[in-house]
Each structure stands twice: as C-alpha cells, then as structure tokens.
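Each chain gets a letter, A, B and so on, in the order the sequences are listed, and its residues count up from 1. Computed from a predicted model, the values in this text were never measured in an experiment.
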Number of protein chains: 6
Amino acid sequence: MVTKILWINPIGSDIFDVPIKDNLNSVKYEDTIIDVISFKKGPKHLEYQFYEALMGIEILKAVKIAEIRDYDAAIIGCFYDPFLSESREISNIVVTAPAESSVAMAISLGHKFSIIVGRKKWIPQMEENISKYGLRDRFASFRSINMGVLDFQLNREETEKRLMEAGMAAINEDGAEVLILGCTVEFGFYKKMQKKLGVPVIDATIAPLKYAEFLVNLKNMTNLSHSKIGKYEPPPEKEIKDWNLEEYFGIDWK
Amino acid sequence: MVTKILWINPIGSDIFDVPIKDNLNSVKYEDTIIDVISFKKGPKHLEYQFYEALMGIEILKAVKIAEIRDYDAAIIGCFYDPFLSESREISNIVVTAPAESSVAMAISLGHKFSIIVGRKKWIPQMEENISKYGLRDRFASFRSINMGVLDFQLNREETEKRLMEAGMAAINEDGAEVLILGCTVEFGFYKKMQKKLGVPVIDATIAPLKYAEFLVNLKNMTNLSHSKIGKYEPPPEKEIKDWNLEEYFGIDWK
Amino acid sequence: MVTKILWINPIGSDIFDVPIKDNLNSVKYEDTIIDVISFKKGPKHLEYQFYEALMGIEILKAVKIAEIRDYDAAIIGCFYDPFLSESREISNIVVTAPAESSVAMAISLGHKFSIIVGRKKWIPQMEENISKYGLRDRFASFRSINMGVLDFQLNREETEKRLMEAGMAAINEDGAEVLILGCTVEFGFYKKMQKKLGVPVIDATIAPLKYAEFLVNLKNMTNLSHSKIGKYEPPPEKEIKDWNLEEYFGIDWK
Amino acid sequence: MVTKILWINPIGSDIFDVPIKDNLNSVKYEDTIIDVISFKKGPKHLEYQFYEALMGIEILKAVKIAEIRDYDAAIIGCFYDPFLSESREISNIVVTAPAESSVAMAISLGHKFSIIVGRKKWIPQMEENISKYGLRDRFASFRSINMGVLDFQLNREETEKRLMEAGMAAINEDGAEVLILGCTVEFGFYKKMQKKLGVPVIDATIAPLKYAEFLVNLKNMTNLSHSKIGKYEPPPEKEIKDWNLEEYFGIDWK
Amino acid sequence: MVTKILWINPIGSDIFDVPIKDNLNSVKYEDTIIDVISFKKGPKHLEYQFYEALMGIEILKAVKIAEIRDYDAAIIGCFYDPFLSESREISNIVVTAPAESSVAMAISLGHKFSIIVGRKKWIPQMEENISKYGLRDRFASFRSINMGVLDFQLNREETEKRLMEAGMAAINEDGAEVLILGCTVEFGFYKKMQKKLGVPVIDATIAPLKYAEFLVNLKNMTNLSHSKIGKYEPPPEKEIKDWNLEEYFGIDWK
Amino acid sequence: MVTKILWINPIGSDIFDVPIKDNLNSVKYEDTIIDVISFKKGPKHLEYQFYEALMGIEILKAVKIAEIRDYDAAIIGCFYDPFLSESREISNIVVTAPAESSVAMAISLGHKFSIIVGRKKWIPQMEENISKYGLRDRFASFRSINMGVLDFQLNREETEKRLMEAGMAAINEDGAEVLILGCTVEFGFYKKMQKKLGVPVIDATIAPLKYAEFLVNLKNMTNLSHSKIGKYEPPPEKEIKDWNLEEYFGIDWK
C-alpha cells in the first residue's frame, strides 16, 4: 500500500528541500512517496521562538492541505516540534516531528540519551519538550557545538569534528548510550558518527519519517491513531465557519 | 510613577474588553493606567490550541506595539498563557499572563492549589504549563465545571453554583488550600467564593495585572527584568531586516 | 525484504500460540514472517515474579536461538517485559516486549494513557516498569478488572464488559486519552473497544510486533540498533567459554 | 495607603540593621514604612540549623508583635526562611522570607536559576527548601564562594570578585539565566553583577521586601492572603490560654 | 553491650510517659535501657508548627543532656520529626524520630505505604517530610481519621474502628501494602490491625526505637554514624562560647 | 534469641565465601549465626544482567532451602539485589540485599549519598534500582573506579587508592555526605576510608547483614514483616503442584 508523506520545512527558504528529500528517500520504505515543501516567506531557520510563531499558521495550513490532498502523514521538520500538538488537533492524518519521534526510538535503544544541539539558546525550549514528552529521567544531557542552523552544512568537516567531540563527551562524561542530533539540518552525519562512536545516533530527519511510516502502517492495520479526545480534540466546525476563520487566516478547513 | 499596562484579550471579539477593564481598574494601583484591546478578526475564545496558533502573530504584534508606545507591561489575557515566552523573547517590557502569575502567588499562599477549569479539554495543556513552570509538586488537582468560555458570564448564578461546588470538592477531596480560577472569563466570582469557602481564590484577570505591576516596580527600582540570555534571547535585528519579516508578517519591529 | 520475527510465549503451555499467531498475522507487513513458540515445561501464566524467574533461562535461550537462526527480531510475549534488558545484552537482534512498545506508541497518541490490568497484583511491577521507561508523568492510572490471565479468553463476553467499564472509568475519571491492554492474553478486544470508547486502544500483542517491524526496518535502513555500551554491553565471550556457561545452562552462545 | 513592614534580622546583633534598612529604603514604594529589628541575645549569623532553632521563639514573638502593632507584613531576614511557615500559622499578616520570594520572582525572569551561597554547609537545607517550594525543575545549581555570612561585608572587593566568578560559572556551565544571592548579607552587590553579567540578579533583601509589598497590596485590594486551612491553620486560642503558653514562652498572643 | 536510649516526649505533659515506656519495653532488645522524659511546660500535643517551634530549645537541650549523660541514642517522640536534623547537627549520638524511621523500614516491607493521620491539618508538613526523605514515589496516600492527638487513647474502641476503616481504604483504594500510624499516640493498635488487615502496620513508637537500636549497634560495630559534613556539620564551639549561647538559652553544650 | 542468617554468594565460585564470612562475623550480634554459601556452577561474578538471570533459579532455590532449614533470613550477596523481590514473594523469611539495605541506612546518615562502583557498565541497572527504591532525590552520584569485581581484592593497595580518590571526588564535587561501596567484593576497605575521608562509608556486605538482623528482630518482637499482598503476594501452592514446577525446576517448595 502506498504511503504518501509530506515533509514540511517550516522556513522561508527551499535550500534544504532537495538534500533532505534525497536523504529521506534513501531510508524510506519502497512504497512510501515523500514530498518536501517549504515556504516562500519567512525566517530561514527557527532558532527563535518568535520565528516559530511566525510560521504557525503556514505550518497548520500545510498540514490541512496535506490532509485534503490525501497524504497519510505530515512531518513538521524542525527539532522544536513546532505546532505538532495543534496539527494533530485539527487534522485526522498522522503528524510527527523530530524530537518526539527521536525519543520514542531512543527509549528502546539504550539507557540514556543525549541531544547534540547547535546553540545553547535552543536548550531551554528543548528541555521543556523532553519534560512534556515525559522522558526527563531517561535524558542524559544537552551538548552544544556552538553553530547555528545555517552553519551545519557550510563547513561540513568542521561540523563533523564538533559533533564527534560533543558525542564523545556525552558518552564519556554524561552517561549517554544513545545520541540524538538535535536539528534537522544536522543531516548527513549520523552514519559516520555511529561507526566511529559505536553508539546509535539518531538523525533528526530520519526519525520522524520512520516514525510516521510506522504510525501510518499502524493506523492502516489497526485503526489506531492520535486520540481525538482531550489534548487533540478538534475545534467544532461550526465555530470555524461562523467566525470566518478559514477566510481570515487563509486556511482551507476541509 | 505612572505605570502603563496593556491588557490583550487575544480573541476576535471585544465583548469582554469593558468588563475586564472595569474589573482591573477596581484593583490596580492608583497610578497604573490600563488599556484593554482585542482583535477584529479571530476566534471568540481560545479553548483550542488551533485558535491560539491563529492569534500568535496578532499577540506578538500587540506586544511590540505596546513596547513602541511606551507601555511598561503587556498582559496576555488567556489562562493558557499563549505566546508568553515568545513575547518576552522579542520585547524589553514586562510581559505576564494568568497561569504563571497565579502560581507565582499561590506558592506563598498555601501548601497546594487546585485550578478550576471550564472544560476537561483544557486540562492537558494547562497541566503541561504547570510542569513547565516547575510547580507540579505544589499542584493538587484540576476540577472542571463543564462550561465553555462563552458560558461563564451568561448564567452567572449557575456558574457561581458550579464554581462553589468544584472549589469545595478541591478543598475537601484533593487537599487544596488555594484555588485558582483557570480562565480570564471566570472574572467576577472570586470574592464571594473566597468568603464562602474560606480560602484564597485567585482571579485570572487580577493575578497577571498585580504581578505585572509588581514586576514593573521591581524593574524601575532595581533594573531586574526578564533575562535576555537563553530562553528569552532575542533574534538578531539583522536577520529580521534581511528576511523582510516585518513586512511579510506586518510586525513593527521597532 | 523479508523480516523474520520470533514471538516467544514465555510459558509452559501452547494454548495461546495459534490464536496469537493468527492475531499477529492479521496486522503484520506482507513480507514479515512470524513464528510463535512456547515451552514444554513451566507455569501457564507469569502473574508472579517467581514464575518469570523460572522462565528466565528459557527466554534467553530462545532469543539466542532466534539470533542463530537468522531471525531479525524476537518478541518476549508478556506485559511484564521479562528479561527484555538481558535479551538485548546478549544478542545482536532487535528485541521488543509489550509494555515498552506500547508506551513508545502511546507517547504520540494522546496526552495520558491508562493500563487495564487483570489483577491488582500486577500493578507494582508494572508501575516500576513505567518508571524505568521514564514515562511516569504521561501515565494516568491502572484499572484492574479482577481477572487472571487464564480467564480472559474463557468468557469473552464478561471480559469485554469489564474492559469496557474499566476503559470508560479511565477516560472519565483518570484523564486517559489512550488505553493500553496490560496483558498479551487480552488480545482480540481492542477493535471493539476502540470503536465504542472512541479512543486509541493498544493491544499488547500488536504493539511489540509493530514496534519490532519498525526497529528492524530502522536497522536495515540506517544501522541503528540497541546500543552495545552500558546497559546492553554484552558479557565477554571468553568468560562464557572459560566458565562453561553454555554447557551448564544449556545455552547456545553462538 | 501606607504599608508598614517589619524586617526581622533574626540574629543577636544589630550590625546589619542600618545598612539593610538603607538598602531597603532605596527600593521601596514611597508609602512603605520599614522598620528593622534584631535581637539582643543570640548567634550573630544563622549558618547552622541549631542557631535557627535558638531564634525560633524570638522570631515568632516578633511576628506576633508586628501583628499587634499593626504592621502589614513581617519579613524574616534569613535565606533559610526560618519559621516562615510557623509565622504564617500564628498570624494574620503577610509574612515573607528571602528564598521563597526570590523563587516566586525567578519563575518569570528566565528558564533556570542558580543560587550563590557562602558555604557548602548551607546547600542541603536550601535544597530542601527549593524542593518544598516545588521548584526543583527550574533550579540550575548552587555555587559556593567559600565565605561565611560575617565575611561578605568585610572585604567587599574580594566578595565581589568571587560572586562574579561564581555567577559566570553558573551561567556558562550550569545553564543559569537568573542568579539569586543566597544570603541577606550578600546585599549591595546585585547591581554591578547585573550590569557585568547581563542577567537578572536577585538580591535576598530586596526580594522579600518587594514580594511583601506585593502581597500586602494584593490583600488590600482583593482580600487574598495566606490560606488559613491546612498548613497555616492556626492553633486554637483556647489551648494557648489553657496551657499558659503566652506566659511560659513570653509570647503575646494578642 | 548495654544500649541506653532516651525517649523524648516533646510536650508539656507526662501523661504518655508511662504507657509509651511500657510499650517500648515490650519490644526492645534485652540489654537496651529506655528512659522516657517529657517537659514541665509546653503544649500538650504538637499538632501545630507553632507548638513545635516552642519546644525546639527544650528538645535540643534534652538531646545534649542525653549525650552528656552517656545515652547512646535520643528519640524525638513526634511524627513530625521536629528538630531531628538540628539534633544531629549538635550531638554525636544517634538521633532518630518516628517518620524517618518508619519509612526506612517501609522501604523493604512492601511496594507502597500509606500514613494514617489524626487530622488533615497534619498532612502538608508530613508530605513535605516524605519528600525531604526522598520517598515520594513509594508513598501511596494519607488517610485521616478526624481525631486529635489527645483523642486517640480516650475512646480506644472508636479509635480502633476508624483506624481499621482508614487502613482498609488505603489498601483497597490507594494501593498501600504497608501502613504507618502517623502519630506516636496512636500506640497500642498496630497488632490487632496487622492481624485483621493482613499487612504490616508500623507503630510510630516502635519504629524509632528499633531503628535507634539498629543504628547504635551499627555504630558500635562499624563506627558508622550520622555524617558530620554538610547537613549535620556542627557549629564551632568557639562561636557558642564567644556568643554566650549556653548561658542565654540554658543549653549545656558539653 | 539465636538468629540464623544465610548469606548467598550468587556465583559459581567459593573464593569469597570465607573472607565474607569472616567479615560478617566481625560485626554481627553475638547470637547471630551466619552461614555463607555459593554455587558449584555459574559465572564468577554478576556484572552482566545475563549472569544474574542464569543464577535466578539457584538463588530462589537457596532462599527456599533457607526457609525450610529454619533460617530467619537470607541475604542475596550482590549489589544489583538480584531476585530480591522474587525471593520475598515466595518465602516467609526476611530477605535483604546490599543496595536496598544501604539506602535504608543512608537515608538517616546524611543528606546525599554517592555509590562507588567498579565499572560504568553497572550504573544503568543500579540507577534503576535507586529509582525503584524511591530515593533518586537523595542520590548524589555514581563514581566508577574502572575495576571489575574480580580485581578488587587482587591488588588491594591500588583498589584502596582508587576508592579514596573516588570518594573524595564524590564528597567535594557531587555533594555526597555518605558513601556506599557498590559491590560486595569491595569489602575490607570501609574502615580506612571512613577514617581518612571523615564521612560514613557503607560496606555492601555489612549493610544487608545488619539490616537483616534488624528486620528479624523487628519480626520477632512485633510480627512485622514483608507484606504479603501486592508485590510480594505469593503464587498459589495449587498451581505450583499442578504444574509440576517443583520437579521441573528442582525447587523444594516446602
């Protein structure tokens, strides 16, 4: 059965669209079809909470479009998992994101995991997410390599060197048995790290793809999907119509 | 010294503007000036995460405008505290919101506090906030009265009756010594509850006002304010200019 | 690519082998091949820790045999996840078990999950597992239906009735948005429950199968697998040989 | 409206009375009147739990006297917050203390806070307080500068140097975004630290004063005050009379 | 080897001295000698934090006297464990108290324990102690029987009836496998409860006695005793002399 | 009253039997009789979870034999506390083990404790045990000295040197006030460490012996023992007979 997945790069730049798509295609199930989109306008990375907020409506629109166009899953391609919960609230398809997917794997891969981030700025919000996902006790540490999102792919040798050092430190000093690369733009490094460091290294693009495939298959086979009571209970269609929200915010509700 | 505070009702309706303003004016410091705004377009309540997301940019715009127009503080008037963290990231004024302010008071008012919400739907996100603010161990329970935001002021007698019952149950069964009313539209009830139930009852409009006055005074006297490293580190102005974010999103950055 | 999975019913009885195999076959990927085994001798259920301990060596032998016979994954078919950690320590294949797999799914399916158990006796050990997996904060409650493992399939109508009641109570009183059936022999009920209760219901046989398929595919595609440092670091072969452990305990180490 | 506040230096020495009063007067509201008292007999600092215990009755007497003499609030001027809870139990005025007040501010000023203490000896009890106040998850670290209470104001240059170093380390190594000076006698340093280190620095004398003013205003405006059920439920006057406790312990109950 | 233990009833009444001594004598080691003291003046129970505070100096004096008179251990006979930490700070003998001793036993007697208290008022402080001792995760519940300290021994039948009911509820509804009687004056009931309820019931007088005997024997055999660094680091003798603390507070330091 | 205790060295080697027995005899109560056994076959240490699993049935057999032969207590002599819970489930005698016993002492000896282990490999499982026992908040750190179980007694000078260094580091850097030696084969070092480092050092052989004596005495005097509901509820004898478990596994049930 074909699985259609939409990867959303929630930024106003398409420079990562092709390499991420290539990357995803190399690890997908054969009958998975992946499309990658990004936006015309917007910040070129989401290091700041403000930038995330700016892209909120665009991300939600994209998720709704994915639903309308019969995608089985949408992936929000940023390790902050921005608007993941909102996306599940308003759609009936599978929605995943890097951080949640990574920890859902890490849980069975080793005792404790560390997350290697670009800049220290990212840590508070990611730490809040770890707590929100409930996994604080399995979390070993954050390690920062002092690079911004847009630096990772510029001087790949330097990036690799720093990732290796940070990974080594996490293993030796913090008790990490599993490493997570805490940014989707840290793609392309996990294989070498895994080989050299001898521990599983979770790539932030691969994790949400494979977890999405997993959840879609689960849904197809067992009808299991995001709960629609409580946290993901959707807003009533009547309100959305009555209040003209579709028109005002340019969202195609159905 | 005059303190100018902007209360933002982050919804597409002005029906609560006047009563909330009256309410706030009755408890403010003499030299505090309060303005209340709401938006032209948008959902009429924020019970759903989707609705919050829709109002994100509007809230942030309003905070920036408050800063430009020399307000000392902005208050985001919804108990989910939507975009509180983002607002602090992008501005240099005091920003408060109901949930955080309420717990910063509750901490010294009694051993444990309960939050009385309208609908069960609200609980997961509010519970995540309690954890984020770090106060899970001081938290007794949520109690729901099965009313939506727009119901609270319609049949005030019924609302009062249910609030009393829920408060009583929280005290007798959950060990609450302090009650928090978990919605800004639950205004107008705390006094009677306080009197009848014999415990402090925190009103979700009063809490962020008084906490804002407190933080503004603290800033004026000691220069103490939201930290600008880490979580609230602002995005670089250069990026905002280079990427045309002001224009695209209609935000006045300075 | 064909995926070979060995399901181990860690009890001295084959009565569940066929129905569980049928159940698994109905939800597997097309190119997954599933074998189900149980043991000649041993307790007929594992409700007691003592019974688990008795089956320890048998389980580990079976995992080693699975590895030698080129299975991609072994599943330990008991919701206590007995000897899961030990199995990963001594083998290089994927090993999963119901509780860990269920929570790795539940994490993305809703805010909080409840586990419906047969007898109260099971709760302490399962609670310890939830803590060990790190997910205490996402956990809503245990609900017991006062039935032993061997009762579930005897009077299926009664079982279904009690599961429904327990599920309803977990949803309405404990805040569960996701239900987990806390015993592999609670198979065959999740579909109806899901339909009637309107929330995802995780079946304890399906969860570890799908999670195993997921991890095997992940390993095939990215080489990601259980970390071999720290918790799952294997014992040195030399010790095993020198101490005659293979012979003494009847384990085929390689 | 005039607010009368009594600052209690709970030691047997008046050497800090004047400088602390000056310090407080420089940051108070205009219509706040502050009196500072200390005791004739007793230890000259409270670094040891034993010393605290010795001052217990004196502190409580002073709080009762404050109540009788129409003070609006009493402040217990030691970062261990000694007898804070007891004071609230027996009086109807606002009572604050440095540690609780500091964390009630820190909660909104940044993601995590560190506390800079004089000696390591202080840490266990302060850590217990952080837990008691419920804020362990927002707490980054303790940093000790190896000075006793009586050393801070002797060689102020040395003190400042060490505070700067400790603050820097807390920021760079422990992830602190807010600093708290963990002793009332560390007064007079926060401004320079704040300027140099670029993060909010909470002074342990200013925090409980401003928080007291805040709570008094809150009480005047909304009648909100320390809950009188549970933790702060007062002892029955009849017992106190019947058992001659006033006479025996020299406490003026009313 | 003879072990001399001083039981301190930290109240201004000797009515419980004889029955508690009889109770203790019935379970002690043969070569343990127990003395029981109480005070001339003071509250007749310690239900309020204020009452505890009043007895602080008396308790500490008694512990110092015990040390001087060659007692091996002192026991502070109140389930709030008042001044336990202070007592260890200033003495070199073993000091125990009911709550800490009870949980140090409960930890190995079953999965979770409940504490049966007299009045709800007691709960907040006891809950803080459970957290301080680190055992929150092993704690099932408090159950109150709505009786004050002085009621327990008045109508023993009624007391027993309520204890039985509370214990039953803790077992059936809260998951308790072990019960703790949360007041030293709840003595004389554990045996019957244990028999009827079929779970271990820890008596608050017996626990600290047996734990004291245990720690004294441990000290005699291995020199292991309360650590004298950090939390229990004693104040310097020089300060105590220089500041005349012995004279002022009537404490015999040596 | 004579107390008979069986120490089980759960390994296939008797080399530690005599020195451990000597060690225990030097600290026991006079009327305690200690027997030490080990097994003919099996791994010579239990550093791996696999090795523990291999010894499971042997350990349980030994506990049952101890019960049949009227021992008052059995001690499982490995710091992983292997099969402690299972042993309590199937027997009616006191069963203790090093880790649980050590923390039940440490709780009253100082604020925080550190555990000095041989190899890092041991940490994850021990950390899980600390959490299971509920004492994570009182736990300071693990410190590893990079030695295997079989190395400790080979070059005792080197072992001592490393233990001292690790202990010092735990005290100075991690805030430990109490040290625990995290392996039964680290015997013979605690006295010197205690003297030199000035903090209590808990020996992993002495702790479970003294705690066993304590629990046996408690049981003799008060009938208090491991709860037989919930976690330690024993399997029904009927099942054991019907399923031939005694014969199959060579266990003498009674």
I'd like to verify something: which residue of [options] has the highest number of heavy-atom pairs under 4.5 Å with chain E?
options	value
Val94(F), Asp137(F), Leu109(F)	Leu109(F)
Ser227(F), Ser101(F), Ala207(F)	Ser227(F)
Val199(F), Val178(F), Val95(F), Ile171(F)	Val199(F)

Closest approach of Asn217(F) to Lys210(E) (non-hydrogen atoms, all atoms of both residues): OD1-NZ, 2.5 Å
What are the two closest non-hydrogen atoms of Leu135(E) and Tyr133(F), and how far apart are they?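 For Leu135(E) and Tyr133(F), the tightest heavy-atom pair comes out as CD2-O, 3.4 Å.
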For [X], is it the side chain, the backbone, both or neither that has a heavy atom under 4.5 Å from a heavy atom of chain E?
X	answer
Tyr211(F)	both
Ser108(F)	both
Val201(F)	backbone
Lys112(F)	neither
Ala106(F)	neither
Ile206(F)	side chain
Lys195(F)	neither

Less than 4.5 Å apart, any side-chain heavy atom of Tyr232(E) and any of His111(F)?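 Contact flag for Tyr232(E)/His111(F) side chains = no.
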Side chains of Met105(F) and Leu224(E): closer than 4.5 Å at any heavy-atom pair? yes
Looking at [options], which has the largest count of heavy-atom pairs under 4.5 Å with chain F?
options	result
Gly198(E), Ser225(E), Ser131(E)	Ser225(E)
Glu233(E), Arg88(E), Lys228(E), Lys28(E)	Arg88(E)
Ala176(E), Pro200(E), Ser26(E)	Pro200(E)

Could you grab the distance from atom [atom1] of [X] to atom [atom2] of [Y], nearest 0.5 Å is fine?
X	Y	atom1	atom2	result
Glu213(F)	Leu218(E)	CD	CG	9.5 Å
Leu197(F)	Ile229(E)	CG	CD1	9.0 Å
Glu30(E)	Met1(F)	CD	CE	9.5 Å
Ile202(E)	Thr222(F)	CD1	OG1	9.0 Å
Lys231(F)	Glu177(E)	NZ	CD	8.0 Å

Residue Gln194(E) versus chain F: region with a heavy atom under 4.5 Å: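 For Gln194(E), the side chain is the part near chain F, not the backbone.
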Do Lys191(F) and Asn223(E) pair up side chain to side chain, a donor and an acceptor below 3.5 Å, judged on atom types alone?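 Distance-only check fails for Lys191(F) and Asn223(E).
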Does atom CE of Met168(E) have more than 12 heavy-atom neighbours from other groups under 6.0 Å away? no
